[in-house]
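Data first, discussion second: the structure below is written as structure tokens.
Not measured: the values here are computed from a predicted model. Hydrogens, waters and symmetry mates are skipped; everything else that's a heavy atom, side chains included, is used. Order of the sequence lines sets the chain letters (A, B, ...), proteins ahead of strands, with each chain counted from 1.
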Number of protein chains: 2
Amino acid sequence: MSKKTTIYDIAKELQITAATVSRALNNNPRISKNTRELVLETAARMNYKQNRLALALKSGKSNNIGVVVPYINRNFFSSVIRGVEDELYPKGYHVIISQTHEDKDRELKIIQNLLNAQVDGILISTSYTNEEKNKLEPALKKSTPFIFFDRKLDFPDISSVTIDDYQGAYDATKHLIDQGCKRIAHFYVNNGLELYKNRLLGYKNALLQSGFEVVPEYIIPLKNDMEAGMEAAKTLMNLPVPPDAIFSSTDNSLLGAVKYLQGLPIHIPDDFCVVGFSNEPFTEFMEPSISSVDQSPVEMGRMAAKVFLEQMDSEQSVKIHKKVILPAKLVIRKSSSKIQ
Amino acid sequence: MSKKTTIYDIAKELQITAATVSRALNNNPRISKNTRELVLETAARMNYKQNRLALALKSGKSNNIGVVVPYINRNFFSSVIRGVEDELYPKGYHVIISQTHEDKDRELKIIQNLLNAQVDGILISTSYTNEEKNKLEPALKKSTPFIFFDRKLDFPDISSVTIDDYQGAYDATKHLIDQGCKRIAHFYVNNGLELYKNRLLGYKNALLQSGFEVVPEYIIPLKNDMEAGMEAAKTLMNLPVPPDAIFSSTDNSLLGAVKYLQGLPIHIPDDFCVVGFSNEPFTEFMEPSISSVDQSPVEMGRMAAKVFLEQMDSEQSVKIHKKVILPAKLVIRKSSSKIQ
DNA sequence: TTGTACGCGTTATCAT
DNA sequence: ATGATAACGCGTACAA
């Protein structure tokens with residue numbers, strides 16, 4: 001209820017200056033032991049709390065960092081944020097969350113907004129594609145450090161933390177080949193994001209390097225949701241020669257496909273194998289459990305935070321930029337375990 | 001790279017005062033059309049952005065609000081946050097996230113910290129129980145509005161948004177009775193949180209009001225995780241007269257139970273019915289799909305945000321406090337659909 | 001060791 | 001319609 005006490009209140013109480021109070025509170029050596037203790041005591045008694053806003057304005061450091069994601073309540077993103085917060089909170093940072101809803105105009109506004117709020121850095125999983133990256137460029141040219149995670153853009157002087165999408169896709173496809181699958185289809189999210197292109201590439205190269213052909217009909221462009229996955233599966237199974245496996249670039253679309261396949265007289269994994277991407281929690285608990293490529297999102301968040309911290313430290317001297325690529329780990333479950 | 005431009009820079013450029021610039025930027029009527037346009041133009045040209053920190057210090061409003069949860073990356077909490085952000089971002093607020101890791105000391109520190117950062121309000125799902133609520137009391141007595149969501153404490157003058165845990169539990173139990181289940185067990189999370197007590201109460205009353213007895217052995221106290229659920233199921237099934245249904249106060253523990261039951265020659269739902277609580281995404285995709293009580297987390301977040309906004313508006317006049325109770329909706333799926 | 005004075009960027013209250 | 005000045009709360013260079 002009562003007004004917040006400031007260092008001036010303490011100063012008045014003790015008949016000294018605010019400067020002295022400030023020094024006492026900040027362990028400044030230029031102060032007598034006596035007054036320091038007196039100030040500390042009085043501060044505690046008057047329930048003084050530092051106003052971080054004033055400090056921020058003065059120092060130019062808000063100790064806030066912005067995290068920008070499409071949606072918070074997707075396991076992948078919330079887990080990344082979990083990692084970021086775990087890493088940054090102990091260092092005295094607060095994490096400000098914003099969701100773009102995959103809306104690019106909104107994303108740009110959010111960035112401006114965070115910049116206006118004087119955040120010390122922005123960690124972002126963008127919805128922009130490399131083709132449109134120039135729209136984001138002016139904002140990125142500020143002195144505030146940016147770090148891309150998962151969905152990055154190719155800017156030479158901006159740090160990023162991603163997983164090895166190519167390798168993950170390659171491993172998944174190779175695994176299906178090793179299981180004896182002969183006609184492996186792929187769900188390809190065609191929203192222009194680089195990571196889906198990399199997954200497509202990993203899929204193709206795994207096929208080629210094992211002596212398989214890349215069949216265009218087996219590559220289905222779609223949106224990242226369950227309904228699209230059902231449609232895609234239907235399309236595939238109506239082909240003259242249907243595939244006997246799917247490597248999907250997302251778990252959600254694969255879920256739709258599995259639902260569709262379970263309506264057919266087809267047994268997974270004996271007749272048909274599937275592998276997804278993201279290792280969403282539900283893949284573990286489905287029947288059959290679904291193999292998927294894990295993106296270790298919490299780790300990714302921690303790493304993005306670490307890169308940010310390094311960048312802050314190096315601010316004075318030369319600016320450091322990093323392109324961190326985390327490994328993608330294939331988690332093999334029942335849905336692709338034909339051979340015992 | 002270049003230093004941020006302030007209203008003083010614009011003032012100097014135009015040979016006028018910062019005050020005039022400020023007026024032009026804020027649509028203050030006390031300014032000529034000419035100068036306003038000139039200022040706006042120059043501001044745009046010089047790429048001026050308002051420093052919200054300075055505004056915050058001056059106005060005493062940071063336009064940040066803190067959201068405190070045990071963990072961000074639990075579907076329930078991330079969905080609540082989703083709702084909060086959806087509601088508050090359009091009003092110009094930024095959402096600051098902190099996780100307590102269910103650590104009470106940490107929770108208290110987080111609150112102090114957010115208060116120091118001058119947040120305009122705190123939305124919190126606490127890990128404290130009503131027995132320990134006095135520890136939190138000093139922080140709550142500040143002028144900054146607090147709003148509890150889901151995990152609340154009983155303070156008469158603090159708002160809260162919860163669901164009707166009692167009713168949800170009652171409905172779930174009644175539903176099992178209607179399915180013909182005769183011996184319904186209950187998983188009870190015994191961490192002292194009020195909402196679990198309410199669920200237990202709903203369970204008991206549903207039984208009693210249908211003429212069933214409450215069998216103490218059928219009420220298993222446990223932690224909210226899968227392993228505990230497996231253990232609990234084992235205990236139950238080793239009883240002289242095992243139950244034929246479980247109403248669990250959490251989906252996670254129920255998941256463990258289902259895993260255990262599936263190792264037995266027992267068919268769900270024909271021999272055994274189960275209903276969970278929270279409607280976690282995986283419940284929908286499991287085989288069999290799991291019935292669960294939905295807590296409409298996004299709605300809860302939106303509502304908590306709305307209550308906060310109302311409270312802000314009413315600040316000047318009389319302080320408004322609200323106890324909002326959202327309905328709990330039982331979602332019936334295969335795991336409890338014995339009768340066709 | 002302590003006090004004085006200023007600046008961080010903004011808005012609001014007086015004057016003019 | 002515009003200018004001058006104070007104030008928000010803090011830290012710090014400089015002076016004493």
Comparing R36(A) and K49(B) on DNA chain C - which has the more 5′ nearest nucleotide: R36(A)

Nearest-Å distance for atom pair CG/C1', residues L55(B) and dG9(D): 15 Å

Candidate nucleotides dT1(C), dC10(D), dG9(C), ranked by approach to the side chain of S32(A) - the nearest: dT1(C)

Ring-face cation of K133(B) near F155(B) (centre distance under 6.0 Å, axis angle within 45°): yes

Atom pair distance, as rounded to whole Å: NZ in K58(B) and P in dC10(D): 16 Å

Atom-pair distance (CD1 on I16(B); C1' on dT11(C)), nearest Å: 15 Å

Integer-rounded Å distance: dG3(D) P and L14(B) CG: 10 Å

Residues N73(B), R82(A); criterion side chain to side chain donor-acceptor pair (under 3.5 Å); working and verdict: CA-CA 6 Å; N73(B) 60 335; R82(A) 158 79 186 268; 3.1 Å; yes

Nearest-angstrom distance from the residue atom NZ of K4(B) to C1' of dT10(C): 16 Å

Phosphate-side-chain proximity, Y48(A) and dC10(D), N/O vs OP1/OP2 below 4.0 Å: yes

Contact under 4.0 Å: S22(A) side-chain N or O vs dT12(D) OP1/OP2: no

Derivation and outcome, side chain to side chain contact (heavy atoms under 4.5 Å, CB included), residues I10(A) and E13(A): CA-CA 5 Å; I10(A) 301 178; E13(A) 180 87 3; 5.5 Å; no

Sugar-phosphate, base or nothing in reach of S59(A), heavy atoms under 4.0 Å: nothing

Between P of dG3(C) and NZ of K12(A), the distance in whole Å: 15 Å

R30(A) (side chain) and dG3(C) (base): donor-acceptor pair under 3.5 Å: no

Distance below 4.0 Å between Q50(B) side-chain N/O and dT11(C) OP1 or OP2: yes

Phosphate contact (dT2(C) OP1 or OP2) by T17(A) side-chain N/O below 4.0 Å: no

Ring geometry between F308(B) and Y93(B) (parallel below 30°, tilted from 30 to 60°, perpendicular above 60°): perpendicular

Touch class at under 4.0 angstrom, heavy-atom based, for L53(A) against every strand present: nothing

Distance (rounded to the nearest 0.5 Å) between N63(A) CG and Q118(A) CD: 13.0 Å

Sugar-phosphate only, base, or nothing, as touched by I7(B) at under 4.0 Å among non-hydrogen atoms: base

Proximal nucleotide (of dA12(C), dT10(C), dT2(C)) relative to the N51(B) side chain: dT10(C)

From dT12(D), dA12(C), dT13(C), nucleotide with atom closest to A19(B) side chain: dA12(C)

Any N26(B) side-chain nitrogen or oxygen under 4.0 Å from OP1 or OP2 of dT11(C): yes

Donor/acceptor link under 3.5 angstrom from R52(B) side chain onto base of dG9(C): no

Atom-to-atom span, CZ of R23(A) to P of dA15(D) - whole angstrom: 15 Å

Sugar-phosphate only, base, or nothing, as touched by L57(B) at under 4.0 Å among non-hydrogen atoms: base

Spacing between L25(B) atom CG and dT10(C) atom C1', to the nearest angstrom: 11 Å

Within 6.0 angstrom of K323(A) NZ, more than 12 heavy atoms from elsewhere: yes

Sugar-phosphate only, base, or nothing, as touched by T6(A) at under 4.0 Å among non-hydrogen atoms: sugar-phosphate

Sugar-phosphate, base or nothing in reach of N28(A), heavy atoms under 4.0 Å: nothing

